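Presented below is the structure to which this report refers.
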Number of protein chains: 2
Amino acid sequence: MKKLPDKTVERLSQYRRALLDYLSGGKQHIFSHEIANLLHITAVQVRRDLMLIGYTGTLRQGYDVKELIEIIGKIIDTRDGQKVAVVGIGNLGRAIMGYFSGKRTRLSIVAAFDVNPEKTGKIYAGVPCYNLDEMEDIIRREGISIAVISVPGEEAVKVAEALVLTGIRGILNFSPKPLNVPPHVYLQEYDMITMLEKIAYFVKKN
Amino acid sequence: MKKLPDKTVERLSQYRRALLDYLSGGKQHIFSHEIANLLHITAVQVRRDLMLIGYTGTLRQGYDVKELIEIIGKIIDTRDGQKVAVVGIGNLGRAIMGYFSGKRTRLSIVAAFDVNPEKTGKIYAGVPCYNLDEMEDIIRREGISIAVISVPGEEAVKVAEALVLTGIRGILNFSPKPLNVPPHVYLQEYDMITMLEKIAYFVKKN
DNA sequence: AAAATACTGTTATTTTTTTAACAGTGTTAA
DNA sequence: TTAACACTGTTAAAAAAATAACAGTATTTT
Ligand SMILES: NC(=O)c1ccc[n+]([C@@H]2O[C@H](COP(=O)([O-])OP(=O)(O)OC[C@H]3O[C@@H](n4cnc5c(N)ncnc54)[C@H](O)[C@@H]3O)[C@@H](O)[C@H]2O)c1
Ligand SMILES: NC(=O)c1ccc[n+]([C@@H]2O[C@H](COP(=O)([O-])OP(=O)(O)OC[C@H]3O[C@@H](n4cnc5c(N)ncnc54)[C@H](O)[C@@H]3O)[C@@H](O)[C@H]2O)c1
């Protein structure tokens, strides 16, 4: 299938979670406008996204919830799930590890890395924390494809370079330093200060 | 001035931080392509953004760094800065508080709210944590205009409704529940699982 | 059985964002 | 003093995303 638009993929992930929730309410089918209500978007957008993935509902009945969840899974997930590493087990890194632990999902955090000897060797949220030296080995051995960077800004650039060398395929960067990675590595940056300053701008009365 | 595009505002925030960094290197002026290199974007985009804010550099010299920093400040910041509250002092909430503490910026976290009596009454990263009951009072009294939501998903919708009633003007939501706020409240959602699943999709070999 | 209704799927349009093209201009080099 | 150069600022074009328009169809209502 042709690559889907970025924003459509984001919404598919959200549809799936909303639908899993909805399933527990016992209903088997759902209309586009109902999905739209769950996410506070429009029904057109939902239908357009579903069109793009080639899933077609039934007239007057809407979409089969289980089927749709499954289809979305086929698009997003790999057969065996993908493995994730967190680099930098500070306050944010630990919050992330804690948050993911126990969530059943096709994405599992299987390794953490840090340089602080007080942290390496320990287990955080059930996941071992290794020294940065071991990163390449372990990422290759475990087949980890995605990394989360939560080291201080000054370190992030070096860490990203090292990650690229390990053959990682995707990076989620929480440090405020813009990273530069080759095109075969999918990079998603999230800079909290930028987001807050953006809000500040739009909130400001002129 | 006319409202700037969303993405331009994001980049302005990033320009400013990159420029502050650059200033410490002692240089007074900077070219568009140098700014571009700092953020790993293109020089055209930089020049276009600066055009939109009406700032004009000098030929052959580029932009005056201090001046540009100041102009961006005029656009993003308010005279007295804006006050921020964090609702939900769990792992993520505390990480955020810790991260912001001591950063000199025009955005300051001045209050935290939680429902857990073990947390309320305490000070986190220099900021008092109040009971949720007091939220409306304190937000109004302090003139807090921006809130960060880091409560569990099930609570987020209620919290957001309560926040809207306090007269808050902007919300940054970290819970995975999509929120619905009136148009005068600027909402920015950040759903970490969605972002990771998006990466998973683009990283997946087909 | 005709008309109204309530949906889906798709194409068309609009809006937003990025990228490209290029005219203008002071500066250096020939 | 003319040509080449190295920049900026702006307009034009392209790409991405959201929104609107609408045709198609099974079902219900009249
Ligand atoms: N805490 C937050 O809420 C928050 C918010 C926004 C952005 N951030 C960003 O996330 C990053 C981490 O923030 P934090 O609050 O967790 O910081 P922190 O100082 O608590 O943690 C940083 C961790 O990274 C480790 N580290 C340092 N250099 C390393 C390296 N080269 N390789 C591996 N590990 C290394 C440190 O030992 C430490 O454990 C920073 O870039 C920060 O800007 C954090
Ligand atoms: N921890 C992470 O890295 C992470 C990552 C992604 C998303 N999130 C989201 O952020 C939110 C918080 O995550 P966390 O890991 O900090 O969870 P947490 O359970 O550690 O903390 C939640 C906090 O919210 C408080 N709370 C509960 N109901 C409340 C209410 N009605 N009003 C005020 N406070 C209330 C709790 O007392 C607790 O202190 C969740 O929605 C989670 O999905 C967290």
Side-chain angles (χ1 to χ4, degrees), chain A residues 1-15 19 27-65 67-68 71-72 178 183 186-189 194-195 198 201-202, chain B residues 1-15 19 27-65 67-68 71-72 178 183 186-189 194-195 198 201-202:
Chain A
M1 191 195 289
K2 217 168 128 279
K3 275 273 172 273
L4 299 167
D6 220 87
K7 294 302 170 78
T8 293
V9 176
E10 283 183 23
R11 283 188 298 267
L12 287 175
S13 162
Q14 292 170 328
Y15 295 158
L19 290 172
K27 297 243 212 92
Q28 304 280 330
H29 291 87
I30 191 168
F31 296 125
S32 61
H33 65 264
E34 292 177 302
I35 299 180
N37 284 342
L38 293 173
L39 307 221
H40 310 300
I41 60 177
T42 68
V44 191
Q45 194 152 55
V46 173
R47 292 206 303 277
R48 220 182 175 295
D49 286 336
L50 298 189
M51 185 198 101
L52 291 176
I53 66 174
Y55 180 65
T56 134
T58 50
L59 201 44
R60 269 282 136 147
Q61 274 209 107
Y63 306 94
D64 183 299
V65 181
E67 220 169 81
L68 182 48
I71 298 273
I72 295 176
Y186 187 90
L187 173 65
Q188 171 75 44
E189 312 242 13
T194 288
M195 288 310 167
K198 178 169 77 159
Y201 169 79
F202 284 106
Chain B
M1 189 195 287
K2 220 169 126 276
K3 276 274 171 274
L4 299 167
D6 219 89
K7 294 301 170 78
T8 293
V9 176
E10 284 183 21
R11 281 188 299 265
L12 288 175
S13 162
Q14 292 170 329
Y15 296 159
L19 290 170
K27 297 241 212 94
Q28 304 280 331
H29 291 85
I30 191 168
F31 296 124
S32 62
H33 65 263
E34 292 177 302
I35 299 180
N37 284 342
L38 293 173
L39 306 222
H40 310 300
I41 60 176
T42 69
V44 191
Q45 193 151 54
V46 173
R47 291 206 304 278
R48 220 182 176 296
D49 286 336
L50 299 189
M51 185 198 101
L52 290 176
I53 66 173
Y55 180 66
T56 132
T58 49
L59 201 45
R60 270 269 141 154
Q61 274 208 106
Y63 305 93
D64 184 298
V65 181
E67 222 169 80
L68 183 47
I71 296 274
I72 294 176
Y186 187 89
L187 173 65
Q188 170 75 44
E189 313 241 13
T194 289
M195 288 310 167
K198 179 169 76 162
Y201 169 80
F202 284 106

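Just so it is clear, the model here is predicted, and its values are computed rather than measured. In the text below, chain A, chain B and the rest are named by the order of the sequence lines, each starting its count at 1.
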From CD1 of A:I35 over to P of C:dC7, roughly how many Å is that when rounded to an integer? 13 Å

For C:dC7, does the base pair up with any side-chain atom of A:R47 as donor and acceptor (N or O, under 3.5 Å, distance only)? no

In whole Å, I'd like the distance from the CG atom of B:L52 to the P atom of D:dT8. 16 Å

B:F31 CZ to D:dC5 P, in whole Å, measures 17 Å

Base, sugar-phosphate or nothing for B:T56? Non-hydrogen atoms, less than 4.0 Å. sugar-phosphate

Can you figure out which of C:dT18, C:dA21, C:dT5 approaches the side chain of B:R48 most closely? C:dT18

Rounded interatomic separation in angstrom, taking NZ from B:K7 and P from C:dT15: 19 Å

Closest to the side chain of B:H33, out of D:dC7, D:dG9, C:dT8, is D:dC7

Residues which pass side-chain contact (heavy atoms from CB on, under 4.5 Å) with A:F202, listed by chain and number, not counting sequence neighbours: A:K198, B:K3, B:D6, B:V9, B:Y186

Check the distance between C:dC7's P and A:L50's CG and give it to me in whole angstrom. 16 Å

Give the rounded distance in Å between these two atoms: NE2 of A:H29 and P of C:dT8. 12 Å

When rounded to whole Å, the CG to C1' distance for the pair A:D6 and D:dA15 reads 13 Å

Would you say B:Q61's side chain and B:T58's backbone share a donor-acceptor pair under 3.5 angstrom? no

Minimum-distance nucleotide (side-chain atoms of B:V44 versus C:dA20, C:dG9, C:dT18): C:dA20

Please tell me which of the listed nucleotides, D:dT10, D:dT8, D:dA18, lies nearest to the side chain of A:Q45? D:dA18

Could you tell me whether the side chain of A:E34 and the main chain of A:F31 form a donor-acceptor pair under 3.5 Å? yes

Out of C:dT17, D:dA18, D:dC7, which has the shortest distance to the side chain of A:R11? D:dA18

If I take atom OG1 from residue B:T8 and atom CG from residue B:L12, how far apart are they, to the nearest 0.5 angstrom? 6.5 Å

The nucleotide from C:dT17, C:dT28, C:dC7 with an atom nearest the side chain of B:R60 is C:dT28

Mind calculating the distance between CG (A:D49) and C1' (C:dG9) to the nearest angstrom? 13 Å

Checking side-chain contact (heavy atoms from CB on, under 4.5 Å) for the pair B:L4/B:D49: CA distance, chi angles, key distance, verdict? CA-CA 9 Å; B:L4 299 167; B:D49 286 336; over 6 Å; no

